[in-house]
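The structure displayed is predicted, hence computed values, not measured ones. Just the heavy atoms: all of them, side chains too, but no hydrogens, waters or symmetry mates, feed the values below.
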Amino acid sequence: MSKPKVFEKPLGAKDYLPDAVTKLRNIEFRVLACMGRWGYNQIITPTLEYYDTVGVASSTEDKKLFKLLDRKGKTLVLRSELTAPIARVASSLLKEQAFPLRLSYHSNVFRSIEEEAGRDSEFYQTGVELIGDVSSEADAEVVALAIASLQAAGVEKFKIALGHVGFLNGLFQETLDGRTEAQLALKEHLLSRDYVGYREAIKTLSLTPDVERELDGVLRLRGGDEICEQARMVSQHPIAQDAIRHLCEVWDVLKAYGVSEHVVIDLTMIGDFSYYTGMTFEGYAADLGFPVCSGGRYDNLLSQFGRPAPATGFALKTNRILEVTGKEQVTQPKRVLIAYDAEHREEALQQAKSLRSDNNLEATVVITQLITPTQINDLDEASYAEVIKLIAE
């Protein structure tokens, strides 16, 4: 194996240059401020967690975890998402606080990837967890907040696809009872949006024509609240019926929020983490193939940390949002240059201090530069809104 060159980075790692960092921080600050106005308090968890606790609970595929050993030989992981770490904190450090808990975060996460174009092994998430509320009102709140957060981030055109894992679970138990491998195979096709593969898999299962049509019909269950009534006719299984009832209640609350125009019901949605137990959703921006946010209900996760409680939440894919909004110009601060010689050093530095501490100046950057008389003509004055020269005649 050849030694990496000094300028090479690990696979999936990325450098963010100043302009991109400015835009990334702008997204972060605006979104966290939005979440704060909804009553969510920010939390920071460690980059490193124990594999046997948070690592296992995260439901990230084991091969996608970055693992290392501490000095005592215990296996650690770089956090692969934030929901499991926050569940750990809610069950320990916050165990005396009454439910519901509203927590927000912004952090980098790490997932090992294969050599696929366009995938990052380190990326950024900004999200919330609403812990201790099992109601459809709570699910609708996080969806409505996800919409508000996308708008705060500057994403103008997007759609939220809303589903429920219970619908497919009930339908498959009704039509494929006892055929666990077949159920998992069909879910894999839906998770990867491989609808052709889904239809072909159905044909290999030796089902009656009626059951084949029933399973194939799931692909057409996408739209507005009319889908609720259509779905009720597809499966009579109690789990599926409860799922549709809950999803329709969420839709009604979203209508009351005035945001249902941004939402479509999509009953092929099952979520990309195995800990989801109810409603799931993904947000897609125009002209971007990857989701810019995802979330859902995970009522069983906190029990793994000793404090059983229902919970729901979402995460924005902050660096993907940067791809959508990155072409927009961010307002740059006024740049002032104070050029001085040795004789005027103290005067220049005191003037810079005064300008930097002046609260009446909006977003002003003050840069100081020691120069010699021969360097005066080399000053890059075009890069500054104002140039102050404190130089002896």
Say whether, by atom type as modelled, one donor and one acceptor occur between the side chain of [X] and the main chain of [Y] under 3.5 angstrom.
X	Y	result
Arg30	Ala152	yes
Arg79	Pro46	yes
Lys203	Glu212	no
Ser121	Leu11	yes
Ser91	Ala87	yes
Asp120	Ala13	no
Gln241	Ser235	yes
Gln236	Arg232	yes
Asn26	Thr22	no
Glu129	Ile131	no

- line: Only one of Glu249, Arg297, Glu141 passes side-chain hydrogen bond (donor to acceptor under 3.5 Å, both in side chains) with Ser136, and that residue is Glu249
Is it true that, when you exclude [X] itself, more than 12 heavy atoms of the residues, nucleotides or ligands shown sit nearer than 6.0 Å to its [atom1]?
X	atom1	result
Gln375	CD	yes
Glu181	CD	no
Lys67	NZ	yes
Ile44	CD1	no

Roughly how far, to the nearest 0.5 Å, is the [atom2] atom of [Y] from the [atom1] atom of [X]?
X	Y	atom1	atom2	result
Leu78	Leu68	CG	CG	6.0 Å
Met269	Thr280	CE	OG1	4.0 Å
Ser58	Arg111	OG	CZ	8.5 Å
Leu254	Asp139	CG	CG	9.5 Å
Gln183	Asn169	CD	CG	7.5 Å

Could you see if [X] belongs to whatever hydrophobic cluster contains [Y]? Use Ile, Leu, Val, Met, Phe, Trp, Tyr and a side-chain cutoff under 4.5 Å.
X	Y	value
Leu207	Leu168	yes
Val89	Leu103	yes
Val365	Leu17	no
Ile227	Ile239	no
Tyr340	Leu379	no

So do the side chains of [X] and [Y] get within less than 4.5 Å of each other, counting heavy atoms only?
X	Y	result
Thr318	His106	yes
Val143	Ile160	yes
Leu82	Gln125	yes
Leu337	Val366	no
Tyr195	Asp216	no
Leu145	Phe314	yes
Thr372	Asp341	no
Asp133	Phe99	no

- prompt: Should Tyr105 and Thr45 be marked as a side chain to side chain contact (heavy atoms under 4.5 Å, CB included) after you check the CA-CA gap, both sets of side-chain angles, and the distance that decides it?
  reply: CA-CA 9 Å; Tyr105 59 84; Thr45 63; over 6 Å; no
- request: Find out whether the Lys NZ or Arg CZ of Lys317 is both under 6.0 angstrom from the six-membered ring centre of Tyr124 and within 45° of the ring's axis.
  value: no
- request: Flag this pair as yes if the NZ/CZ of Lys74 is under 6.0 angstrom from the six-membered ring centre of Tyr50 and inside a 45 degree cone about the axis; otherwise no.
  value: yes
- request: Output, in order, the C-alpha distance, side-chain angles, deciding distance and verdict of side chain to side chain contact (heavy atoms under 4.5 Å, CB included) for Phe123 and Arg320.
  value: CA-CA 9 Å; Phe123 51 96; Arg320 288 183 182 171; over 6 Å; no
For [X] and [Y], test the side chains for any donor-to-acceptor distance below 3.5 angstrom and give the result as yes or no.
X	Y	answer
Thr277	Asn300	no
Thr268	Arg193	yes
Ser383	Asp380	yes
Glu200	Tyr198	no
Gln42	Ser104	no

query: Which of parallel (below 30°), tilted (30 to 60°) and perpendicular (above 60°) describes His246 and His164?
result: perpendicular
query: Taking Arg179 as the fixed residue, which of Leu205, Leu186, Leu184 is the one that meets the side chain to side chain contact (heavy atoms under 4.5 Å, CB included) rule?
result: Leu205
field: Leu162 vs Val264, side chain to side chain contact (heavy atoms under 4.5 Å, CB included): CA-CA, chis, key distance, verdict
entry: CA-CA 6 Å; Leu162 186 66; Val264 294; over 6 Å; no
Can you name the closest pair of heavy atoms from [X] and [Y] and give their distance?
X	Y	answer
Arg102	Gly39	CB-O, 3.5 Å
Ala240	Leu171	CB-N, 4.2 Å
Leu370	Ala342	CD1-N, 3.6 Å
Ala84	Leu301	CA-CD2, 4.1 Å
Gly55	Val77	CA-CG2, 4.0 Å
Ile27	Ala153	CG2-CB, 3.8 Å

message: If the threshold is 4.0 Å, N to carboxylate O, is there a salt bridge linking Glu386 and Arg335?
response: no
task: Go through the steps for Lys23 and Glu28 under the test salt bridge (charged side-chain N to carboxylate O under 4.0 Å, His left out), then give the verdict.
output: CA-CA 9 Å; Lys23 294 175 180 178; Glu28 171 192 344; over 6 Å; no
field: Candidate pair Phe305 and Val54, rule side chain to side chain contact (heavy atoms under 4.5 Å, CB included), full reasoning
entry: CA-CA 9 Å; Phe305 298 97; Val54 169; 4.3 Å; yes
message: Going by the rule side-chain contact (heavy atoms from CB on, under 4.5 Å), which residues pair with Glu226 if we only count those two or more places apart in sequence or in a different chain?
response: Gln230
Residue pair Lys389, Glu381: steps toward the salt bridge (charged side-chain N to carboxylate O under 4.0 Å, His left out) verdict: CA-CA 11 Å; Lys389 298 177 182 179; Glu381 298 188 29; 2.9 Å; yes
